Amino acid sequence: MKIATWNVNSIRARLPRVLDWLEAARPDVALLQETKVADEQFPAEPLEELGYNLATVGEPGRNGVAILARSPIEDLCRALPGDADDQEARYLEGVVNGVRVASVYVPNGTSLGSPRFAFKLTFLDRLKTRAQKLLEFEESLVIGGDYNVGPYPIDVYDPAALDGTICYHPEERAKLRALLHLGLYDAFRTVEPGSRAYSWWDYQGRFFRANQGLRIDHLLLSPQAVDRLETCAMDAAERAAKAPSDHVPVWCTLRD
DNA sequence: ATGGTGGCTTAGCCA
């Protein structure tokens, strides 16, 4: 079973890239973020024609998450619990072929000390509470998404220079590690303990040309899913495509 | 030298 996560930065702007990639990569499940579209505007038809079932949580013009799956998507949870005031479309959970999956778009945080940064830290706390509950089921669980945090020095292009900046601030790194301390496993780091690989590069051209990126898109697995983990990789070639997202797909395969 | 990229809500804002 192949499960991918990809921040597409607008499903409408990225539709040709997404369709090409789905046809080539053929994931069983694709967890998308930043679809940037209301549910009734989501371009469902071309995706359904490729054989995917869809679940979406969107809003006009920003945020937005989706699950695409070849099998039916059951037991949906359409918001991250813990904050009744949070109406942003950043969390969608379902069960596909007995595997519980979630598509998560963690807030970027905008700038240190801002209300948006506080929202990011609180969101990560809420995600920890949700993950703790899901781990109690003792089943295969994959929480994939754009976490907007590089967890360790190896995950960013210049850890000394970036230390304390957005997506690599000690407070947010600690929040992401708190998820790992629950007993979730970072699929990429489990398979590739020493590899330097990035999932995001700033749109400004010099960053990708110099391979100055961050590994901020993650697949976090329960022990039952890690037991089935075969491979995990990034499709970095997507970043070199014409009109790319600033993120690339990250995918893993689980044994049946 | 304060730019530089992209998407959306088409004018700044967010990323």
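The model shown is predicted, which means the values in this text are computed figures rather than measured ones. Just so it is clear: chains get the letters A, B, ... in the order the sequence lines come, proteins before strands, and each one is counted from 1.
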In whole angstrom, give the distance that lies between atom CD of A/Glu88 and atom P of B/dC14. 11 Å
Donor-acceptor under 3.5 Å (A/Ser111 side chain, A/Ser114 main chain): no
Measure CZ/A/Arg62 against C1'/B/dC8 and give the value in whole Å, please. 11 Å
Please tabulate, for side-chain N and O atoms in residues 181-193 of chain A, each donor-acceptor pair with protein atoms closer than 3.5 Å (sequence neighbours left out).
{"from": "A/His181", "atom 1": "ND1", "to": "A/Arg177", "atom 2": "O", "distance (Å)": "3.4"}
{"from": "A/Asp186", "atom 1": "OD1", "to": "A/Phe188", "atom 2": "N", "distance (Å)": "3.2"}
{"from": "A/Asp186", "atom 1": "OD1", "to": "A/Arg189", "atom 2": "N", "distance (Å)": "3.3"}
{"from": "A/Asp186", "atom 1": "OD1", "to": "A/Arg215", "atom 2": "NH1", "distance (Å)": "3.2"}
{"from": "A/Asp186", "atom 1": "OD2", "to": "A/Arg215", "atom 2": "NH1", "distance (Å)": "3.3"}
{"from": "A/Asp186", "atom 1": "OD2", "to": "A/Arg215", "atom 2": "NH2", "distance (Å)": "2.7"}
{"from": "A/Arg189", "atom 1": "NH1", "to": "A/Glu192", "atom 2": "O", "distance (Å)": "2.7"}
{"from": "A/Arg189", "atom 1": "NH1", "to": "A/Ser195", "atom 2": "O", "distance (Å)": "2.7"}
{"from": "A/Arg189", "atom 1": "NH2", "to": "A/Asp155", "atom 2": "OD1", "distance (Å)": "2.7"}
{"from": "A/Arg189", "atom 1": "NH2", "to": "A/Ser195", "atom 2": "O", "distance (Å)": "3.2"}
{"from": "A/Thr190", "atom 1": "OG1", "to": "A/Asp186", "atom 2": "O", "distance (Å)": "2.8"}
{"from": "A/Glu192", "atom 1": "OE1", "to": "A/Ser195", "atom 2": "OG", "distance (Å)": "2.8"}

Given that A/Thr35 and A/Asn148 both sit by DNA chain B, which one's nearest nucleotide is further toward the 5' end? A/Thr35
Please report, rounded to the nearest Å, how far the P atom of B/dA15 is from the CD atom of A/Gln33. 14 Å
Salt bridge A/Lys128-A/Asp125, side-chain N to carboxylate O under 4.0 Å: no
Mind checking the C1' distance from B/dC8 to B/dG3? Whole angstroms is fine. 22 Å
Starting at CD of A/Glu34 and ending at P of B/dC8, how long is that distance when rounded to a whole Å? 10 Å
Do NZ/NE/NH1/NH2 and the carboxylate oxygens of A/Arg100 and A/Asp75 come within less than 4.0 Å? yes
Got a sec, which residues hit side chain to side chain contact (heavy atoms under 4.5 Å, CB included) with A/Asp86, two or more places apart in sequence or on another chain? A/Asp83, A/Glu88, A/Phe119, A/Phe123, A/Arg126
Here the residues of residues 106-121 of chain A within 4.0 Å heavy-atom distance, strictly under, of DNA chain B are A/Asn108, A/Thr110
Nearest-Å distance once atom C1' is located in both B/dT9 and B/dC13: 9 Å
Polar pairs (N or O, both sides) under 3.5 Å between protein and nucleotides 3-5 of chain B?
{"from": "B/dG4", "atom 1": "N9", "to": "A/Gln204", "atom 2": "OE1", "distance (Å)": "3.4"}
{"from": "B/dT5", "atom 1": "O4'", "to": "A/Gln204", "atom 2": "N", "distance (Å)": "3.4"}

A/Arg228 side chain to A/Arg255 main-chain N or O, any donor-acceptor pair under 3.5 Å? yes
With a 4.0 Å cut-off on heavy atoms, is A/Tyr105 in touch with a base, just the backbone sugar-phosphate, or nothing at all? sugar-phosphate
Partners passing side chain to side chain contact (heavy atoms under 4.5 Å, CB included) against A/Ala237 (at least two apart in sequence or in another chain): none
Sorted by number, residues from residues 164-177 of chain A placing a heavy atom under 4.0 Å from DNA chain B are none
Which other residues belong to the hydrophobic cluster containing A/Val95, where Ile, Leu, Val, Met, Phe, Trp and Tyr are joined when side-chain heavy atoms lie under 4.5 Å apart, directly or via other members? none
Just the rounded figure in Å: distance from P of B/dA15 to CZ of A/Arg14. 16 Å
With 3.5 Å as the limit, what N/O pairs link the protein to nucleotides 10-13 of chain B?
none

I want to check a possible cation-pi pair here: A/Arg173 against A/Tyr168, using under 6.0 Å from ring centre and within 45° of the ring axis as the test. yes
Can you name the ring-ring contact (aromatic ring centres under 6.0 Å, His included) partners of A/Phe207, sequence neighbours left out? none
Any Lys/Arg nitrogen of A/Glu59 or A/Arg62 sitting under 4.0 Å from an Asp/Glu carboxylate oxygen of the other? yes
What residues, two or more places apart in sequence or in another chain, satisfy side chain to side chain contact (heavy atoms under 4.5 Å, CB included) together with A/Thr56? A/Asp39, A/Phe42, A/Ala66
Quick check on B/dC8: is either OP1 or OP2 less than 4.0 Å from any side-chain nitrogen or oxygen of A/Ser10? yes
Suppose you measure atom P in B/dG6 against the same atom in B/dA1; what distance do you get, rounded to whole Å? 26 Å
Expressed as a whole number of angstroms, how long is the span from A/Leu214:CG to B/dA15:P? 15 Å
Sorted by chain and residue number, the ring-ring contact (aromatic ring centres under 6.0 Å, His included) partners of A/Trp251 (sequence neighbours excluded) come out as none
5'-most contact on DNA chain B (nearest-nucleotide basis), A/Pro60 vs A/His247, goes to A/Pro60
Quick one: list whatever passes side chain to side chain donor-acceptor pair (under 3.5 Å) with A/Ser199, sequence neighbours left out. A/Asp217
Nearest whole angstrom, please: distance from the P of B/dA15 to the CZ of A/Phe207. 17 Å
For atom CG of A/Asn63 and atom P of B/dT9, their distance in whole Å: 12 Å
